[in-house]
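Structure record follows, encoded as structure tokens.
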Protein chains: 2
Amino acid sequence: MPHTLAGGNLTFNPLYKEVKIRITRRLIAGEWKPGTAIPSESRLAEQFNVSVGTIRKAVDELVAEKILVRQQGRGTFVATHTEDRQLYYFFHIVGKDGSKEPPAHELLSFQKGKADSAAEMRLNVSRGERVFRIHNLLKLAGKPVVLDEIMIPAARFPDLTEAIFSARAGTIYGLYQARYGINVVRISERLSAARPGAQTAGVLGIRVSTPVLVIKRVAYTYHDAPVELRTSWVNTERHEYLSDLWKNERR
Amino acid sequence: MPHTLAGGNLTFNPLYKEVKIRITRRLIAGEWKPGTAIPSESRLAEQFNVSVGTIRKAVDELVAEKILVRQQGRGTFVATHTEDRQLYYFFHIVGKDGSKEPPAHELLSFQKGKADSAAEMRLNVSRGERVFRIHNLLKLAGKPVVLDEIMIPAARFPDLTEAIFSARAGTIYGLYQARYGINVVRISERLSAARPGAQTAGVLGIRVSTPVLVIKRVAYTYHDAPVELRTSWVNTERHEYLSDLWKNERR
DNA sequence: TTCGATTTGTTCGTATGTATT
DNA sequence: TAATACATACGAACAAATCGA
């Protein structure tokens, strides 16, 4: 049967793409919470009036994007921002000896202020909108290695306070997800080398003459909507940024 | 029917994984040359005595790894190292304004020497084995931006000379592929910030006090066999390293 | 421990749509 | 136009993992 569903088929996507969009819509709506199982493939097939194979192909893509996670015999789950996921997909700093460890966090400052021009450009905020500006120090093996400056629009994090931020149970993106329903699904990073400012050098425990790696990250949720702007200054004397476009992805 | 092929099924992979391995073997053997079409899915199904769906799943993975390329109505082709592929999957330097352009190459030196300890470590060469050491300057918008030092084991590139290297028609990996049957399918890169040496600063046209981005790349062929070691020094005054773990991959 | 129900994973087969030559 | 090749969609059967009775 050719795919002659009534109703808005204006863009004329293949059926499995439409199904994928409808599943994503229900994810955005928060119908299925992170960590919980979505309906079984056969049940979804009934609900959407398509074959199981079509559901499978739609879910395949969402799994490839790490938005859903399949487990044979158990079900298909909405991905959560656990420490593991953080370490594997969003944190790229490794020891020069190849070691990989979850960083310890130390909150340096938490302020509410106005968006600067970079935030206006990269985030989708208007001129002078309120943003949270958070400084966070990451330590590896007990020593400071990364200084993070996080910028998020205050409008999307209504009641956020320093206490809530530092009392979070898991990762930062886990907090976004659990408390504000904002699910970071993709990041884009731009790297350059620079001399650190006096303050930055101070907290990293290096001299101002020591070059640092500067990472400018934009974090996106569904539909490529930017939700966070983050600048990191990295001391690369003992650590490196690992960009392995395949190995990590494939288990 | 349950998958009871005779013969070595020791590891007990699913059938489509075995098919994938057998296809990869034929690619390694050079049975299907880069740029040419492999047999149609139905023909492969006959050859391997499996269903078309199983072939499809095996090819799906090879396409996802960019080893094969499908074209509806035409066939499935062995990926070639064209300038486009180079620009999209192996070259990550973009202008700070977001511009992306293919770099102009200028060969600075071409020598044969002995492997250093880094090459021994990362490449799979033994102590003091012969390697080619090539220095290449990359220009963007007419100005030097990246200095490359390429190291490759001489044993795998038998008759390579400076003339052959500089007279190549396409990309460097295209030369490896066309002339030596070595197909680079994956790279892994480690980035750090450093002060450039006097020579490096000289060719890049910067002062020694200007930090540079240092990229250490290992290029792999099938089965994760390393074939090239490359160190790049990047002037990031007007350019950045773009690490977008999804966007580029998905079209 | 065993068994059965449930769910995803694999494999097969068939039909039809769409793009290319 | 016709043949060929990949793309989409459906359905069925069994395997493998999980979980609770």
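To find a chain, count down the sequence lines: A is the first, B the second, and so on, and within it residues start at 1.
- We find that NZ of B:Lys17 is positioned 11 Å from P of C:dT11, with the value rounded to whole Å.
- In this structure, CG of B:Asn49 is placed 10 Å from P of C:dG13, rounded to the nearest angstrom.
- Salt bridge status for A:Arg156 with A:Glu228: absent, with no side-chain N to carboxylate O gap under 4.0 Å.
- Minimum atom distance to the side chain of B:Thr54 is reached by C:dC12, of the listed C:dT10, C:dC12, D:dA7.
- Of the N and O atoms on the side chains of B:Asp84 and B:Tyr89, not one donor lies less than 3.5 Å from an acceptor on the other residue.
- Looking at heavy atoms from C-beta onward, A:Thr221 lies out of side-chain contact with A:Ile28 at the 4.5 angstrom threshold.
- The phosphate of C:dT10 has OP1 or OP2 within less than 4.0 Å of a side-chain N or O from B:Lys57.
- Each of B:Ser42 and A:Val52 was assigned the nucleotide of DNA chain D with the nearest heavy atom; the assignment lying further toward the 5' end belongs to B:Ser42.
- One atom, CG of B:Asp60, and another, C1' of D:dT8, lie 12 Å apart when rounded to the nearest Å.
- A salt bridge links A:Arg186 with B:Asp244: the closest approach of a Lys/Arg side-chain nitrogen to an acidic carboxylate oxygen falls below 4.0 angstrom.
- Note on B:Arg70: every side-chain N or O is 4.0 Å or more away from OP1 and OP2 of D:dA5.
- For B:Leu68 and D:dA5, the CG to P distance is 16 Å, given to the nearest whole Å.
- A tilted orientation is assigned to the rings of B:His81 and B:Phe90, their planes being inclined by 30° to 60°.
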Handout entry: salt bridge (Lys or Arg N to Asp or Glu O under 4.0 Å) assessment of B:Glu189 paired with B:Arg217
Key = CA-CA 4 Å; B:Glu189 298 184 316; B:Arg217 169 193 291 191; 2.8 Å; yes
What pairs of nitrogen or oxygen atoms, one from the protein and one from nucleotides 18-21 of chain D, lie under 3.5 Å apart?
unit_1 : atom_1 : unit_2  : atom_2 : d
D:dC19 : OP1    : A:Arg74 : NH1    : 3.2

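- The A:Ser40 side chain lies nearest to C:dT7 when the options are C:dT10, D:dT8, C:dT7.
- Remark: B:Arg56 is not in phosphate contact with D:dC6, judged by side-chain N or O atoms under 4.0 Å from OP1 or OP2.
- With sequence neighbours excluded, no residue forms a ring pair (Phe, Tyr, Trp, His ring centres under 6.0 Å) with B:Phe77.
- Comparing atom distances between the B:Glu41 side chain and each of D:dT8, D:dA7, C:dT8 picks out D:dA7 as nearest.
- Distances were taken from every side-chain heavy atom of B:Ser51 (C-beta onward) to each of C:dC12, D:dC10, D:dC6; the shortest belongs to C:dC12.
- Note on A:Gly53: nothing from the nucleic acid sits closer than 4.0 angstrom, heavy atoms only.
- For B:Glu46 and D:dT4, the CD to C1' distance is 14 Å, given to the nearest whole Å.
- If you check every strand for non-hydrogen atoms under 4.0 Å, B:Thr76 touches sugar and phosphate atoms only.
- Considering only side-chain atoms of A:Leu15, the nucleotide from C:dC12, D:dC6, D:dC10 that sits closest is D:dC10.
- Summarising the base pairing, C:dT1 is matched to no nucleotide, lacking a Watson-Crick or G-U wobble pair whose two defining distances lie under 3.5 Å.
- At the phosphate of D:dA5, OP1 or OP2 sits under 4.0 Å from a side-chain N or O atom of B:Arg43.
- Atom OH in A:Tyr16 sits about 18 Å away from atom P in C:dG17, given to the nearest Å.
- The distance from atom CG of B:Leu44 to atom P of C:dC12 is 14 Å, rounded to the nearest whole Å.
- A cation-pi arrangement, defined by a distance under 6.0 Å to the six-membered ring centre and an angle within 45 degrees of its axis, is present between B:Arg168 and B:Phe165.
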